[in-house]
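The block underneath contains the structure these notes are about, expressed in structure tokens.
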Protein chains: 2
Amino acid sequence: MPANPRQRRRDRHAPSPSAPAASITPRKLPLTVERITDAALEVVATQNYDALTMRSVAKLLDTGPASLYAHVVNKADLDELIIGRLCNQLVLPTPDAARWREQIADVCAQLRDQYLAYPGISRAAFAMVATDLDVLRVAEGMLAILVTAGIDPQTAAWAIDALYLYVGAYTLEISLAARGGIDSGGTDEIDGSGRAGDTGRPDADGVVGREQRDEVLRRFSALPADTFPNTRRYATELTSGTGHERFDFTVGLMLATLL
Amino acid sequence: MPANPRQRRRDRHAPSPSAPAASITPRKLPLTVERITDAALEVVATQNYDALTMRSVAKLLDTGPASLYAHVVNKADLDELIIGRLCNQLVLPTPDAARWREQIADVCAQLRDQYLAYPGISRAAFAMVATDLDVLRVAEGMLAILVTAGIDPQTAAWAIDALYLYVGAYTLEISLAARGGIDSGGTDEIDGSGRAGDTGRPDADGVVGREQRDEVLRRFSALPADTFPNTRRYATELTSGTGHERFDFTVGLMLATLL
DNA sequence: GGTTATGAACGAACAATGTTCGTAATGACG
DNA sequence: CGTCATTACGAACATTGTTCGTTCATAACC
């Protein structure tokens with residue numbers, strides 16, 4: 001009996017001291033927060049974050065949008081729930097002062113892969129306050145790794161913030177580039193969407209489609225040489241970064257001088 | 001006569017070689033892309049990005065939303081226009097190999113301040129592809145600074161990407177924290193929005209309201225000590241970072257090992 | 001100068017979104 | 001068995017982006 005949804009949301013940010021465990025589970029298939037969260041994640045996973053509407057999750061649960069509001073405060077609350085679920089699945093290593101770099105990098109990579117598995121979901125991560133318990137749990141884990149490594153707490157706190165922001169921004173950019181893509185230049189409206197198998201989402205490595213990269217590279221090379229000399233010359237470098245090289249580079253950059 | 005809006009948008013990403021200068025200016029006050037962009041920026045500046053709707057800018061121009069579509073492809077196009085205008089106002093220094101760090105940091109700070117002057121506008125920056133000419137211009141400027149400093153082009157390209165992403169994420173977080181804020185805990189719905197002068201936007205230094213920081217700090221200190229030991233202990237460090245200390249820290253982190 | 005054609009302005013409307021309201025069903029409890 | 005609180009749900013409302021058809025002004029042309 002989830003009581004008031006608002007109360008439930010508050011508890012997710014600052015737990016109420018008296019939290020009795022869930023009682024017996026009912027027999028049928030009643031609407032519950034877990035089922036709603038699962039359905040929402042399924043919508044995002046099979047389509048993308050833009051397709052996550054109250055109606056889409058309601059339809060997946062064979063009901064109407066109004067039924068959700070008995071368990072969920074609003075759409076923002078649903079966003080928090082799915083982000084919390086995502087963060088909850090991250091495995092946090094027990095701090096090892098000797099391997100703190102790879103431990104932090106690993107947590108970041110986990111978060112990145114979770115975000116990429118649900119295209120565009122980082123938008124929800126940006127929109128929510130950082131006091132959700134599940135999000136705080138991973139921050140706690142990273143903080144533990146850094147402070148046991150002997151890093152100044154202030155530095156550690158700011159570094160965690162920076163890393164968290166970067167992971168969100170990186171995955172968001174990849175998801176957006178994978179979907180919308182380029183303006184399909186050339187003549188108007190001739191959208192010869194021929195190639196099958198191009199699902200419009202990043203593959204496992206977060207690589208944006210090869211043809212998209214080539215398209216950007218072509219545009220860079222076509223820029224006027226007087227105002228964009230470096231962009232022209234280093235178009236290859238600017239458009240490179242397949243796989244997660246760019247990601248690893250930046251995380252390494254941030255961890256390089258932390259000690 | 002702006003021809004086709006779609007053509008105009010394409011030109012902003014890859015200029016058409018034949019671009020005749022604007023002819024005589026009409027006498028009255030015809031709707032034009034500049035006026036629409038100005039109105040859009042005014043809406044965002046006086047309210048926030050959420051208030052930027054086709055109808056709001058149309059109302060500011062004393063017309064209806066349909067009239068805008070003769071000059072603007074769609075809302076995404078309008079987003080591109082305002083981001084382009086913002087980037088266009090940045091002043092790019094002539095590269096000085098001896099002062100490359102402060103030059104890069106300065107450009108980032110300029111971008112940050114522009115974003116913060118228009119709360120939430122970084123959402124639009126994230127949603128657009130990075131081939132807009134005005135955006136490319138600042139990337140070109142930063143690339144020039146880094147390569148003249150003798151930094152490997154590949155490293156420079158990735159660093160610029162990381163910096164750009166971080167600035168957007170940082171400003172977006174600040175704008176969101178300044179607006180929505182916390183769930184106004186305690187009892188339901190008693191929103192005693194008493195304090196006047198709290199406009200709900202970050203002040204000049206991007207400081208999120210002091211009472212908000214205290215609120216977060218209070219929550220951190222109230223966390224269970226067994227599962228959140230570090231968050232509790234270092235709550236002060238986690239919530240610190242007034243002004244732009246956090247921002248300067250992260251940018252410095254990224255620039256530290258670039259050479 | 002009169003006619004015509006081209007593009008902009010605009011009102012109305014449509015589809016989709018988040019959300020709320022009133023009501024019916026459903027199950028717990030005395 | 002009756003009462004009542006909670007959940008489920010259909011219908012509706014307000015707000016978004018966007019399009020359609022029409023009107024209108026201005027420029028081009030003979």
Side-chain angles (χ1 to χ4, degrees), chain A residues 1-9 22-36 39-40 43-44 47-81 120 123-124 127 180 188-189, chain B residues 1-9 23-36 39-40 43-44 47-82 120 123-124 127 180 188-189:
Chain A
M1 31 193 85
N4 194 336
R6 313 192 87 95
Q7 178 62 40
R8 211 213 62 255
R9 180 188 206 172
S23 57
I24 50 171
T25 66
R27 62 221 94 176
K28 274 293 287 304
L29 270 195
L31 225 43
T32 176
V33 187
E34 277 71 28
R35 287 191 61 210
I36 293 179
V43 169
V44 181
Q47 308 185 249
N48 57 61
Y49 181 72
D50 285 325
L52 178 65
T53 76
M54 290 292 169
R55 285 173 171 81
S56 66
V57 313
K59 174 163 290 184
L60 207 62
L61 296 170
D62 269 319
T63 179
S67 306
L68 307 178
Y69 284 84
H71 309 264
V72 160
V73 178
N74 49 25
K75 173 83 176 357
D77 189 27
L78 184 55
D79 289 344
E80 285 191 19
L81 281 168
R123 288 228 309 268
D188 265 7
E189 299 296 349
Chain B
M1 31 192 84
N4 194 337
R6 312 192 88 95
Q7 178 62 38
R8 209 213 63 253
R9 179 186 206 172
S23 57
I24 50 170
T25 66
R27 62 220 95 173
K28 275 290 290 302
L29 270 196
L31 224 43
T32 175
V33 187
E34 277 71 27
R35 286 192 62 208
I36 293 179
V43 168
V44 181
Q47 309 186 246
N48 56 61
Y49 181 72
D50 285 324
L52 178 64
T53 77
M54 290 293 170
R55 286 174 171 79
S56 65
V57 313
K59 173 162 289 184
L60 207 61
L61 296 171
D62 269 319
T63 178
S67 307
L68 306 179
Y69 283 85
H71 309 264
V72 160
V73 178
N74 49 24
K75 173 81 173 4
D77 188 28
L78 183 55
D79 289 344
E80 285 191 11
L81 282 167
I82 59 181
R123 288 228 309 269
D188 267 6
E189 301 296 349

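Note on naming: letters A, B, ... go to the chains in the order of the sequence lines (proteins, then strands), and numbering restarts at 1 for each one. These numbers come from the heavy atoms of this one structure, side chains and all, not from hydrogens, waters or symmetry mates. On a predicted model such as this, the values are computed, not experimentally measured, just so you know.
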Roughly, in whole Å, what's the span from CZ in A/Arg55 to C1' in D/dA12? 10 Å
Nearest-nucleotide pick for A/Met54, side chain only, options being C/dT19, D/dG17, D/dA8: C/dT19
Please, which pairs that meet salt bridge (charged side-chain N to carboxylate O under 4.0 Å, His left out) have at least one residue in residues 70-79 of chain A, sequence neighbours excluded? A/Arg8-A/Asp77, A/Arg9-A/Asp77, A/Arg12-A/Asp77, A/Lys75-A/Asp79
A/Arg6 has an atom CZ; how far is it from atom P of C/dT19, in whole Å? 10 Å
Going through the distances and angles, do B/Leu81 and B/Ile36 end up as a side chain to side chain contact (heavy atoms under 4.5 Å, CB included)? CA-CA 9 Å; B/Leu81 282 167; B/Ile36 293 179; 5.7 Å; no
Without decimals, in angstroms, what is the distance between B/Leu68 CG and C/dG11 P? 12 Å
What pairs of donor and acceptor atoms, side-chain ones from residues 57-70 of chain A against any protein atom, are under 3.5 angstrom apart with sequence neighbours left out?
| residue | atom | partner | partner atom | Å |
| --- | --- | --- | --- | --- |
| A/Thr63 | OG1 | A/Ser67 | OG | 2.8 |

Contact list please: residues 59-67 of chain A against DNA chain D, heavy atoms, distance less than 4.0 Å, in numerical order. A/Thr63, A/Ala66, A/Ser67
Under 3.5 Å, is there a donor-acceptor pair between the side chain of A/Thr32 and the main chain of A/Arg35? no
Would you kindly give the OH-to-C1' distance between B/Tyr69 and C/dA13, to the nearest whole Å? 14 Å
Taking 4.0 Å as the cut-off, does a side-chain nitrogen or oxygen of B/His71 come that near to OP1 or OP2 on C/dG7? no
Rounded to whole Å, CG of A/Asp50 lies from P of C/dT17 at a distance of 10 Å
Of all heavy-atom pairs linking B/Ala51 and B/Ser56, the shortest is O-OG, 2.9 Å
Side chain of A/Pro30 only, please: which of D/dA8, C/dA8, C/dA13 is the nearest? D/dA8
For B/Asn48, all residues meeting side chain to side chain donor-acceptor pair (under 3.5 Å), sequence neighbours excluded: none
Nearest heavy-atom approach of B/Leu31 to B/His71 is O-CE1, 2.6 Å
Can you pull out the residues from residues 72-81 of chain B that lie within a 4.0 Å heavy-atom distance of DNA chain C? none
Which residues pass the side chain to side chain donor-acceptor pair (under 3.5 Å) test with B/Asn74, not counting sequence neighbours? none
Starting from P on D/dT15, measure out to CG on B/Leu52 and report it in whole angstrom. 17 Å
